[in-house]
Protein chains: 2
Amino acid sequence: MDDRMIPLDAETKAVEMPEHHRDELRLWLRLLTCTTLIEGEVRRRLRESFDVTLPRFDLMAQLDKAPDGMTLSDLSRRMMVSNGNLTGLVDRLMASGHLDRRVSSTDRRAQVVSLTEAGRAEFRAMAAEHEGWIAELFADLTPKDQKDLMRLLAKTKGSARRAIVGDAS
Amino acid sequence: MDDRMIPLDAETKAVEMPEHHRDELRLWLRLLTCTTLIEGEVRRRLRESFDVTLPRFDLMAQLDKAPDGMTLSDLSRRMMVSNGNLTGLVDRLMASGHLDRRVSSTDRRAQVVSLTEAGRAEFRAMAAEHEGWIAELFADLTPKDQKDLMRLLAKTKGSARRAIVGDAS
DNA sequence: CGAATTTATTTTAAGCTTGAAATAACTGCC
DNA sequence: GGCAGTTATTTCAAGCTTAAAATAAATTCG
């Protein structure tokens with residue numbers, strides 16, 4: 001249709017011809033699909049092989065890297081989940097004997113959580129298998145693919161972080 | 001300790017010196033971090049701007065692309081969530097007037113779900129904003145970065161799919 | 001046709017997750 | 001010291017999510 005005769009102000013144009021951001025949207029959906037696909041499979045295997053949930057595994061993974069334990073707040077930040085979520089997760093892992101918890105010596109509000117010996121041993125056994133699963137799921141990527149993807153994801157993470165903090169300030 | 005005198009069979013060696021798959025693991029963790037970061041922000045904005053949850057938005061997005069509606073099974077496959085999950089999600093969106101549901105004309109087991117006019121209008125308004133948010137979150141990526149990332153994620157998806165279906169057969 | 005299998009959906013129990021409100025303890029500052 | 005503001009954690013209500021079992025309808029095939 002010939003629109004040469006129809007003047008539109010900037011606002012109307014913005015509504016009728018919004019900027020094209022379809023590509024970013026497709027990229028985001030693909031990123032989400034990849035993650036969901038892999039996460040679902042890892043969840044399934046953890047349950048089948050070890051009868052453990054992914055959140056429990058993730059929490060133990062954080063603690064395995066911190067021999068002296070971590071506070072709930074540290075865990076919350078690292079795992080990017082809410083504080084309230086952690087309270088329940090830690091309660092259940094305490095009940096099953098995987099975790100120890102003590103009051104911080106420097107801050108009476110803070111709980112320092114750490115793996116029990118049994119918890120650590122169980123986690124290490126799971127982690128060894130888990131690492132193999134991940135390698136298997138990414139098997140078609142060449143070392144160069146992996147390097148490139150790593151770099152692009154780092155850039156994406158930086159971009160998102162900037163957009164998020166920039167939003168608040 | 002001097003272990004020159006201690007012969008190890010292949011299996012023992014495999015336990016003590018597993019193949020290095022750390023790089024794949026780091027890649028997976030970065031992928032997960034990116035997704036979690038962006039997903040959290042999108043969730044937050046959907047709640048603040050529209051008082052809607054991400055699962056509701058995702059479900060409506062699927063239906064917006066299907067003018068004639070979809071069955072719960074179709075939705076379940078597309079969204080990669082369980083059937084039981086969908087039952088509740090659809091119930092709540094029905095209750096809020098966003099969805100219609102009818103029995104399939106060709107299969108009396110199947111429910112065909114579609115957006116109401118109000119639901120579609122509300123979704124479109126949200127989707128327009130949403131698309132801008134995503135563009136903003138990915139803003140630091142050049143068109144080439146986007147193209148490369150798109151390709152690498154497609155390859156990753158293919159790799160994971162192969163590992164998953166290959167597993168079952 | 002009819003039995004066996006598959007497919008679509010719902011239900012249930014358990015656990016996960018969030019955001020908001022409440023409590024308690026710490027920190028900075030006057 | 002003590003008030004104001006921040007931080008660590010818990011609690012709560014609501015909703016999300018899954019896996020497994022149950023129900024019902026369709027399909028396959030002998």
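Numbered from 1 within each chain, the chains take letters A, B, ... in sequence-line order.
For A:Arg101, a side-chain nitrogen or oxygen approaches OP1 or OP2 of D:dT10 to under 4.0 Å. Side-chain N/O atoms of A:Arg92 include none lying less than 4.0 angstrom from OP1 or OP2 on C:dG15. Remark: B:Thr53 is in phosphate contact with D:dC16, judged by side-chain N or O atoms under 4.0 Å from OP1 or OP2. Residue B:Arg109 places none of its side-chain N or O atoms closer than 4.0 Å to OP1 or OP2 of C:dT10. Contact annotation: A:Arg43 does not reach the phosphate of D:dT18 (side-chain N/O to OP1 or OP2, under 4.0 Å).
What separates CG of B:Leu75 from C1' of C:dT10 is a distance of 16 Å, to the nearest Å. Straight-line distance from the CD atom of B:Glu39 to the P atom of C:dG19: 12 Å, rounded to whole Å. One interatomic measurement links the two molecules: CG of B:Leu72 to P of D:dA24, which rounds to 17 Å at whole-angstrom precision. Between A:Met94 atom CE and D:dT10 atom C1' the separation is 15 Å, expressed in whole Å. One atom, CG of A:Leu46, and another, C1' of D:dT17, lie 16 Å apart when rounded to the nearest Å. Here C:dT11 presents its C1' atom at 16 Å from CG of B:Leu89, a figure rounded to the nearest Å. Straight-line distance from the CZ atom of A:Phe57 to the C1' atom of C:dC16: 17 Å, rounded to whole Å. Between the CZ atom of B:Arg102 and the P atom of C:dT9 there is a distance of 12 Å, rounded to whole Å.
Among the heavy atoms of the strands lying under 4.0 Å from B:Asn83 is at least one base atom, whether or not backbone atoms are also near. Heavy atoms of B:Leu54 sit nowhere under 4.0 angstrom from any nucleic acid atom. Across all strands shown, B:Asn85 has heavy atoms under 4.0 Å from base atoms, whether or not it also approaches the sugar-phosphate. Among the heavy atoms of the strands lying under 4.0 Å from B:Ser73 are primed sugar atoms or P, OP1, OP2 only; no base atom is included. Residue contacts for B:Thr71: at a heavy-atom cut-off of 4.0 Å it reaches the sugar-phosphate backbone alone, with no base atom in range.
Considering OG1 of A:Thr33 and CH2 of A:Trp28, their distance stands at 9.5 Å, rounded to 0.5 Å.
Minimum atom distance to the side chain of B:Ser82 is reached by D:dT18, of the listed D:dT18, D:dT9, D:dA8.
Between the side chains of B:Thr142 and B:Asp145, at least one donor-acceptor pair of N or O atoms lies under 3.5 Å. Under the 3.5 Å distance criterion, with hydrogens and angles disregarded, no donor-acceptor pair is assigned to the side chains of B:Thr71 and B:Ser73.
Ion pairing of A:Glu41 with A:Arg44 is present here, as a side-chain N (NZ or NE/NH1/NH2) and a carboxylate O approach within less than 4.0 Å.
Of the residues near DNA chain C, B:Asp91 and B:Arg77, the one whose nearest nucleotide (by heavy atom distance) lies more toward the 5' end is B:Arg77. Residues A:Val81 and A:Arg108 both approach DNA chain C. Their nearest nucleotides, taken by heavy-atom distance, put A:Val81 toward the 5′ side.
Within a 6.0 Å radius of CZ in B:Arg78, no more than 12 heavy atoms belonging to other residues, nucleotides or ligands are found.
Within the 4.5 Å cutoff, no side-chain heavy atoms of B:Leu72 are placed close to those of B:Asn83.
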